[in-house]
There are 2 protein chains.
Amino acid sequence: VSARGSEPSAALLEHLRANLGADHVLVDPDVTARYVRDWTGRFHGEALAVVRPADTGAVAEVVRACGAAGVAVVPQGGNTGLVAGSVPARGEVVLSTERLSGVEAVDVAAGQVTASAGATLAAVQRAARAAGWDVPVDLAARDSATIGGMVATNAGGTRVLRYGSMRHNVLGAETVLGDGTVVERLSGLVKDNTGYDLTGLLCGSEGTLGVVTRARLRLVPWWPDAVAVWAAATGWDDAVALASRLRRTVDGLDGLEAVDRAGLTLVGEHGIGVPLRPVPAVGVLAVWRGRGDPPAALAETVGDRPHAVAVGEAEVARFWAPRERVTETIARVGVPHKLDVTVPLGAVGAFAADVHRVAAAHGLDAGRALVFGHLGDGNLHVNLLGLDPDDDRLDDAVLRSVAGHRGSISAEHGIGTAKARWLHLSRSPGELTAAAAIRAALDPAGIMNPRVLRPPTGPGSRAPA
Amino acid sequence: VSARGSEPSAALLEHLRANLGADHVLVDPDVTARYVRDWTGRFHGEALAVVRPADTGAVAEVVRACGAAGVAVVPQGGNTGLVAGSVPARGEVVLSTERLSGVEAVDVAAGQVTASAGATLAAVQRAARAAGWDVPVDLAARDSATIGGMVATNAGGTRVLRYGSMRHNVLGAETVLGDGTVVERLSGLVKDNTGYDLTGLLCGSEGTLGVVTRARLRLVPWWPDAVAVWAAATGWDDAVALASRLRRTVDGLDGLEAVDRAGLTLVGEHGIGVPLRPVPAVGVLAVWRGRGDPPAALAETVGDRPHAVAVGEAEVARFWAPRERVTETIARVGVPHKLDVTVPLGAVGAFAADVHRVAAAHGLDAGRALVFGHLGDGNLHVNLLGLDPDDDRLDDAVLRSVAGHRGSISAEHGIGTAKARWLHLSRSPGELTAAAAIRAALDPAGIMNPRVLRPPTGPGSRAPA
């Protein structure tokens, strides 16, 4: 990845050591090991160095120095991504935000907080809740996922239905752009129509436009009361219809999830089944959070379908288990191929049928093609068990079905390097050209995470025909 | 604005007539008059022609032909803007979206609708409500403001507090970019992490990156029940504290507005006063919408301050009148200078004090410097009465106070051409450089609304020192 020889690299390392201190320019393979490999262990590489700047000025200096040396920068937050977007291939500088971990005092009047890139979601949640507020985005990796990474990947999670993804909740950011310029927008303005939304553009840019160093987050009320319902649906179309009615009638819906019979059966076998007998074709989990009693429309809309109700945080947490722990339960029985897609809500039923048809054609019965996810958003996780790890023909067939339904091949995980070969299924040539032009505008030297979000082209690419 | 002489202009007109039909290439000054002047009458110019394409292909053809001829394009929706962003200066082609007025069938399951650029907000609201859903953005100009213009200006309004601005509610758009490329993203994917958010970038771009031809909108529940409260605050700091508590405790808060004593007194003199005696320093209007009774926290939080309560749509509409009609009431007594700003919520009190201090220094008593607005967002409208129309020294002083509080010189109205000279107060040189690079990337010929969102530079500019 270095455009020059080893002498400039040595000079770059020397420069970085002089600026950051030798302790924060890591080159020992034993020490860098955890930074050059993703948490699944599937993706790994080698870095010229791992650097750990302690403030925004130091981040800018790293970016400028790497730009001058023609060395690529791979920003890395909690390294919890699933698409190999924050690990190096060979010769890059990995820029870890782990020392940028501060959470500023919560602005109680505004309901906002500024957090540094390396702060974990859990740390920000603790600060917010202590002030009577809460973070609108929540996800299972909360103890290791960092705010900077969550901005860069436009993290979603379980509350998108109610509050939107990170992009909808970041009121501004401080960012080091690809040329080393620092732009800062942290005063927390809810309405600010003074030109292009650079902050929103950074959300989901996966480190290709710059390094987010701080973010100003919108907070939402911390709700003291919670109720959850597991309800039976006769299939995906019925589940979508129930979800639509719940969304239209129940204010305070805080989660709307679904797991198919294969997933419910599997978690049931591991002692965390849903309280529904018989196991339905699709189980729907609806969660309400607020103050006081839930709206009557929740019970009315569920009606006389088979269902079970949990009241209070502890019981509601138990109701979440079959949904939250389906992923780890799958990992206990095999190594799945994992796809994270969105299809339009009206196409969920047809897509799920497609999955089972193409899975059967590849020899997988329904019990080994599990579908579950964030029903309220049309975001489905497809897990395929029993396939050769390197054989992605079925993945390819499923993603083509997604494209056929005008869906997205990546709902929340992003593209990284792992999904780049399928990017053209979700983005038209015109969109890819526009994105490339924006990228070149903000990172003219092409040093920011250059392998990420880049569709393969030219000889040797693995792009499907 | 034409880069060539009159012959190419004649050829361009001929080409446009051949493509659109002569009836939709307007050049008669009597006919074009309403397109070349903004609705306030303050801003006007001359166009080479006003064109009215009937579909996306025709829009693309207009953009390509104008690009080839070096003639600028000024996109125009409902022409309800306040910053001269959709009227020509001299020689541009005004591209009216008025024939792109379709509203597609509401997707009831998804809670989404696709509308063409020229559809009015009111038309989309009617379609949504007939299907049990509602549009999350509402504003007073609903009968003439169009969806395309609302996307291009990232329109805000009264429900931003609950649902966000247009940017948060546009799930995708179809757009003709500056080079004539059509990009289309209309399948309504709530989660879609496949690269940069082009749609979000278009929101607030004021026609400088392309022409939005259709938009896919997120809908929200249509709520059958409404309650409103007018409560007294002893000043702006007290109003902000009340607003913060309401936001933290009341789910379903659908509006949170404020009007100062000068405004309340004025509307009271015109028969639409608030039901509070004596008139408070600041009146706070809190509106809840939902199904059933409002949460107990609404009454508890208002507590024993002087207040009045309205129940049901008709009474709530009467409670809105003093707030919604303050603008027209001001217009009945004079020609105001109007500023639309955001300051961080913690700075609202200090900023309001600044306004009165600098107004007094310019000879305006408190009754002629009115402050009101969307309290929940920190978005204040400052109206200054009794000034010479062309003397903007007080405007300048107020906007400098906004910048001193790290606020935004334009909360919802945008920059257009009218506010461009103050843009540097809200955007740093680094941000302006980045924005210019993005603009050049998507509109390489520089033909899209070139006078808009462009800070004045060089000799003869009116940029304050």
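Below, read A as the first sequence line, B as the second, and so on, with proteins coming before strands; counting in each chain starts at 1.
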Checking [X] against chain A: side chain, backbone, both or neither under 4.5 Å from a heavy atom?
{"X": "B/Ile438", "answer": "both"}
{"X": "B/Asn379", "answer": "side chain"}
{"X": "B/Ala241", "answer": "neither"}
{"X": "B/Ile415", "answer": "both"}
{"X": "B/Pro344", "answer": "both"}
{"X": "B/His374", "answer": "side chain"}
{"X": "B/Arg248", "answer": "both"}
{"X": "B/Thr249", "answer": "both"}

Any salt bridge linking [X] with [Y]? Criterion: basic side-chain nitrogen under 4.0 Å from a carboxylate oxygen.
{"X": "B/Asp225", "Y": "B/Arg291", "value": "no"}
{"X": "A/Asp340", "Y": "A/Lys419", "value": "no"}
{"X": "B/Arg216", "Y": "B/Asp107", "value": "yes"}

With chain A, the option among B/Gly164, B/Ala434, B/Gly156 that has the most non-hydrogen atom pairs under 4.5 Å is B/Ala434
Heaviest contributor of heavy-atom pairs below 4.5 Å to chain A, chosen from B/Gly132, B/Ser410, B/Ser205, B/Cys203, is B/Ser410
Classify the ring geometry of A/His381 against A/His413: parallel below 30°, tilted from 30° to 60°, perpendicular beyond 60°.
parallel
Sorted by chain and residue number, the side-chain contact (heavy atoms from CB on, under 4.5 Å) partners of B/Arg439 (sequence neighbours excluded) come out as A/Tyr196, B/Thr208, B/Leu209, B/Leu453, B/Arg454
Under 4.5 Å, counting heavy-atom pairs only, tell me which of [options] racks up the most with chain B.
{"options": "A/Gly200, A/Ser426, A/Gly376", "answer": "A/Ser426"}
{"options": "A/Ser244, A/Ala411, A/Ser408", "answer": "A/Ala411"}
{"options": "A/Ser428, A/Gly204, A/Gly195, A/Gly430", "answer": "A/Gly195"}

Residue set satisfying salt bridge (Lys or Arg N to Asp or Glu O under 4.0 Å) with B/Asp251, at least two apart, ordered chain then number -> A/Arg162
Contact list (residues 183-193 of chain A to chain B, heavy-atom gap under 4.5 Å, by number) returns A/Val183, A/Glu184, A/Arg185, A/Leu186, A/Ser187, A/Leu189, A/Val190, A/Lys191, A/Asp192, A/Asn193
Across all chains, not counting sequence neighbours, the side chain to side chain donor-acceptor pair (under 3.5 Å) partners of B/Arg247 are none
